[in-house]
S.K.: 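Would you mind keeping the following structure in view while I ask a few things?
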Amino acid sequence: MRATSSALENGYRHLDTATVYGNEAEVGRAMADSGVPRGDVFLTTKCPPDWAGRELNTLQESLDLLPTDHVDLWLIHWPGAGSVNADMWQAFVGAREAGLVREIGVSNFDATLIDEITAATEVTPAVNQIEWSPLLFDASVVAEHRSRGIAVEGYSALRGGTLEHPAIVEIANRLGRTPAQVIIRWHLRHEVIVIPKSTRADRIRSNADVAGFTLSDTDMAALDGLASS
Ligand SMILES: NC(=O)c1ccc[n+]([C@@H]2O[C@H](COP(=O)([O-])OP(=O)(O)OC[C@H]3O[C@@H](n4cnc5c(N)ncnc54)[C@H](OP(=O)(O)O)[C@@H]3O)[C@@H](O)[C@H]2O)c1
């Protein structure tokens with residue numbers, strides 16, 4: 001709860017939680033204590049495929065815990081097997097039509113799975129939340145989402161050795177920035193949504209302080225090339 005409170009105090013307005021994180025009540029308390037109006041916060045939660053068949057109950061539990069009358073984005077947390085995804089997606093479409101969620105999306109899906117649920121419902125996910133960082137960059141993944149009108153939202157941007165990678169550290173040192181700031185700026189230049197997380201107030205502040213610098217085309221190309229180097 002302290003991390004969410006600190007994030008809200010420091011201007012963050014995008015909160016990402018999930019049924020399986022078990023922290024929706026804490027996120028809700030932090031939102032209430034912050035005094036930030038609900039309408040100023042973009043709130044995401046997620047439903048795991050294990051809960052297929054009782055999606056709307058799961059959503060109602062999330063809404064009760066948070067507590068709120070809607071979330072801004074509801075995601076299928078990861079793909080299930082067989083027809084589970086299409087069935088869940090149909091329930092997600094119903095939740096959006098009922099006004100319980102503003103937008104619906106998926107997480108950890110690939111293009112084939114996305115096309116399956118889209119074909120079954122004629123509704124394309126607004127977002128796919130996937131693991132993403134310079135070390136995982138793949139232009140074709142960005143392109144296949146863009147061509148379908150799906151926003152890419154990256155998670156674990158600061159994990160997997162990104163913060164210690166010599167090329168990222170070199171760019172950060174040269175620009176007088178932290179490696180985390182370089183990675184976050186790189187996402188923004190690619191128009192990929194980024195959701196960095198920290199339990200430390202100093203890092204929460206500095207991770208948000210990325211407006212005052214840019215990455216050159218040369219640095220962007222170097223970062224883009226790390227996945228294949
Ligand atoms: N859809 C999915 O399947 C999925 C999976 C994983 C995560 N997520 C979502 O993505 C969000 C973020 O992902 P994440 O927690 O995996 O990773 P993250 O934000 O990439 O990294 C968090 C880690 O980086 C450290 N850190 C943060 N800022 C730092 C800085 N400036 N310098 C050095 N270290 C820093 C944090 O440590 P300190 O706390 O000590 O600062 C923490 O260990 C999560 O909150 C979750 O909502 C979604």
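Note that ligands are numbered from 1 as they come in the structure, with each ligand's atoms numbered from 1 the same way.
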S.K.: Holding to side-chain hydrogen bond (donor to acceptor under 3.5 Å, both in side chains), I want the full list of residues that pass it with Arg189, two or more places apart in sequence or in another chain.
M.R.: Asp217

S.K.: Check Arg148 with Asp115, please: is the shortest side-chain N to carboxylate O separation under 4.0 Å?
M.R.: yes

S.K.: Applying salt bridge (charged side-chain N to carboxylate O under 4.0 Å, His left out), name anything that partners Arg38, two or more places apart in sequence or on another chain.
M.R.: Asp72

S.K.: Thr17 and side-chain hydrogen bond (donor to acceptor under 3.5 Å, both in side chains): which single residue from Thr4, Asn23, Thr45 fits?
M.R.: Asn23

S.K.: Could you tell me which residues satisfy salt bridge (charged side-chain N to carboxylate O under 4.0 Å, His left out) with Arg54, sequence neighbours excluded, listed by chain and number?
M.R.: Glu61

S.K.: Using a 4.0 angstrom limit on heavy atoms, which residues are close to ligand 1?
M.R.: Asp16, Tyr21, Lys46, His77, Ser107, Asn108, Gln129, Tyr155, Ser156, Ala157, Leu158, Arg159, Leu163, Ala180, Ile195, Pro196, Lys197, Ser198, Thr199, Arg203, Asn207

S.K.: What is the ring orientation for Phe92 with Trp74, classed by angle as parallel under 30°, tilted 30 to 60°, or perpendicular over 60°?
M.R.: parallel

